[in-house]
Amino acid sequence: MRIATWNVNSLKARLPRVEEWLGYAQPDVMCLQETKLADTAFPSLTFQALGYDAAHHGEGRWNGVAILSRVGLDDVVAGFTDAHEPDTDARLLWATCGGVRVASVYVPNGREVGHDHYRYKLDWLARLRVHLESHCDPARPLAVCGDFNIAPTDDDVWDPAVFAQSTHVTPPEREALAALEDWGLVDAFRRHRPEPHLYTYWDYRAGMFHKHKGMRIDLILATPPVADQVSFALIDRQARKGSQPSDHAPVLVDTRP
DNA sequence: ATGGTCGCGCAGCGA
């Protein structure tokens, strides 16, 4: 099974590129983030015509996550299901696809260290960990895919010195990510591709993509029943090139049957 | 890097 994730930075703006990508990459499950669409504007029929069932959790101008699947799409749940206030943002969607519980996640950016949004980011990640503890089992197939807005290690940024004291690399953020791994998730791409300086995001500004100055912040975190079966892993840099690209590239992993 | 571009939506914010 091929599982992919892509922060598309507006599905309306990116639909032609997404259709093109589905055509040549042929994922079985595709998680999308930053669709920036209301549910009523989500192009379900376009994906249906390409052979994909789809679920979307959106709010309109910002955020928005989706899961496309051609191996079944069941038990769809949007957001957290706990006793706390519902998340103000559309950042989390669950579905079961081909026997794998899948989450499409768009972790808050954090904006600045010390900002209210930075606290929201850390709280959001802690809440995700609690959700895993209460709803999921690390012994069963699970893949949490999306834009985590965290570079797990200094190997995942082009110049750690530039990012010192910045969001995406701070110890509290990395510890929050490590807490997910402590529960039982494995960075499936990294396990298969250990070499440093492989990125999934490059700022549109200043020709950062062409200078190879990026960050690896889009992750596929999977439990061992999935992660142990990965046979291939790729960041598709081609998708970051050409006309009207997202500022993120898709990430995919293949698992053995 | 903190200039430099996008997307949204029509000013300026968020990333």
Side-chain angles (χ1 to χ4, degrees), chain A residues 5-21 31-43 46 56-66 87-92 104-125 145-152 154-170 172-174 176-177 196-197 199-219 235-251:
Chain A
T5 185
W6 195 5
N7 179 324
V8 293
N9 185 19
S10 170
L11 185 56
K12 182 180 176 185
R14 214 66 59 212
L15 188 57
R17 297 293 302 254
V18 173
E19 289 185 73
E20 174 191 36
W21 198 82
C31 295
L32 303 175
Q33 300 86 37
E34 280 206 89
T35 61
K36 298 185 177 179
L37 293 177
D39 288 335
T40 51
F42 183 76
T46 299
H56 181 249
H57 176 43
E59 61 190 72
R61 295 169 62 184
W62 291 295
N63 310 308
V65 286
D87 194 357
T88 55
D89 297 350
R91 298 182 174 277
L92 177 64
S104 182
V105 305
Y106 178 44
V107 175
N109 173 286
R111 298 184 191 167
E112 305 278 346
V113 176
H115 194 287
D116 285 348
H117 204 264
Y118 180 76
R119 171 49 54 188
Y120 171 54
K121 179 180 195 174
L122 296 177
D123 289 346
W124 199 97
L125 288 159
C145 311
D147 179 357
F148 284 77
N149 272 313
I150 300 169
D154 284 353
D155 283 345
D156 299 306
V157 298
W158 59 273
D159 182 355
V162 168
F163 293 95
Q165 319 301 327
S166 310
T167 60
H168 296 61
V169 303
T170 65
E173 292 166 272
R174 287 177 170 171
L177 188 61
H197 310 303
Y199 309 130
T200 65
Y201 161 81
W202 303 260
D203 198 310
Y204 282 124
R205 294 170 292 187
M208 298 294 266
F209 178 72
H210 300 285
K211 295 174 185 170
H212 306 291
K213 294 180 174 180
M215 311 177 80
R216 191 176 70 92
I217 58 178
D218 299 272
L219 309 175
I235 298 166
D236 183 14
R237 296 179 74 262
Q238 286 299 123
R240 181 61 178 78
K241 303 177 183 176
S243 170
Q244 293 187 289
S246 172
D247 44 0
H248 295 250
V251 183

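Quick note: numbers below take in every heavy atom, side chains included, and nothing from hydrogens, waters or symmetry partners. A note on names: the letters A, B, ... follow the listed sequences, proteins ahead of strands, and every chain is numbered from 1. Model, not experiment: these values are computed from the prediction.
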Atom-to-atom span, [atom1] of [X] to [atom2] of [N] - whole angstrom:
X: A:Lys121; N: B:dG14; atom1: NZ; atom2: C1'; result: 14 Å
X: A:Asn109; N: B:dG14; atom1: CG; atom2: C1'; result: 8 Å
X: A:Asp247; N: B:dG14; atom1: CG; atom2: C1'; result: 11 Å
X: A:Gln165; N: B:dT2; atom1: CD; atom2: C1'; result: 15 Å
X: A:Asn63; N: B:dG14; atom1: CG; atom2: P; result: 12 Å
X: A:Lys213; N: B:dG3; atom1: NZ; atom2: P; result: 15 Å
X: A:Glu112; N: B:dA15; atom1: CD; atom2: P; result: 11 Å
X: A:Glu34; N: B:dC13; atom1: CD; atom2: P; result: 18 Å

Rounded [atom1] spacing from [N] to [M] in Å:
N: B:dC6; M: B:dA11; atom1: C1'; answer: 16 Å
N: B:dA1; M: B:dG12; atom1: C1'; answer: 22 Å
N: B:dG9; M: B:dG14; atom1: P; answer: 15 Å

Residue pair A:Asp247, A:Asp203: steps toward the side chain to side chain contact (heavy atoms under 4.5 Å, CB included) verdict: CA-CA 6 Å; A:Asp247 44 0; A:Asp203 198 310; over 6 Å; no
What N/O pairs connect the protein and nucleotides 4-11 of chain B at under 3.5 Å? Give each pair on its own line.
from  : atom 1 : to      : atom 2 : distance (Å)
B:dG7 : OP1    : A:Arg14 : NH1    : 3.1
B:dG7 : OP1    : A:Arg14 : NH2    : 3.2
B:dG7 : O3'    : A:Ser10 : OG     : 3.2
B:dC8 : OP1    : A:Ser10 : OG     : 2.3

Please work out whether the ring planes of A:Phe163 and A:Trp158 are parallel, tilted or perpendicular, with thresholds of 30° and 60°.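 Ring orientation of A:Phe163 relative to A:Trp158: perpendicular.
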For A:Tyr201 and A:His248, take the angle between the two ring planes, folded into 0 to 90°, and tell me which bin it lands in: parallel under 30, tilted 30 to 60, perpendicular over 60.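 A:Tyr201 vs A:His248 ring planes: tilted.
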Sorted by position of nearest nucleotide on DNA chain B, 5' first, the leading residue of A:His117 and A:Val162 is A:Val162
Hey, which sits more toward the 5' end of DNA chain B by its nearest nucleotide, A:Asn7 or A:Ser166?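 Nearest-nucleotide comparison on DNA chain B picks A:Ser166.
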Can you tell me if A:Asp87 and A:Trp124 form a side-chain donor-acceptor pair at under 3.5 Å? yes
Please indicate whether A:Glu112 has more than 12 foreign heavy atoms, meaning atoms of other residues, nucleotides or ligands, lying under 6.0 Å from its CD.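 No, not enclosed.
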Before giving the answer on side chain to side chain contact (heavy atoms under 4.5 Å, CB included), spell out for A:Gln33 and A:Asn63 the whole-Å C-alpha distance, their side-chain angles and the decisive distance to 0.1 Å. CA-CA 7 Å; A:Gln33 300 86 37; A:Asn63 310 308; over 6 Å; no
So, taking the atom named CD1 in A:Ile150 and the one named CG in A:Leu125, what distance separates them when rounded to the nearest 0.5 Å? 4.5 Å
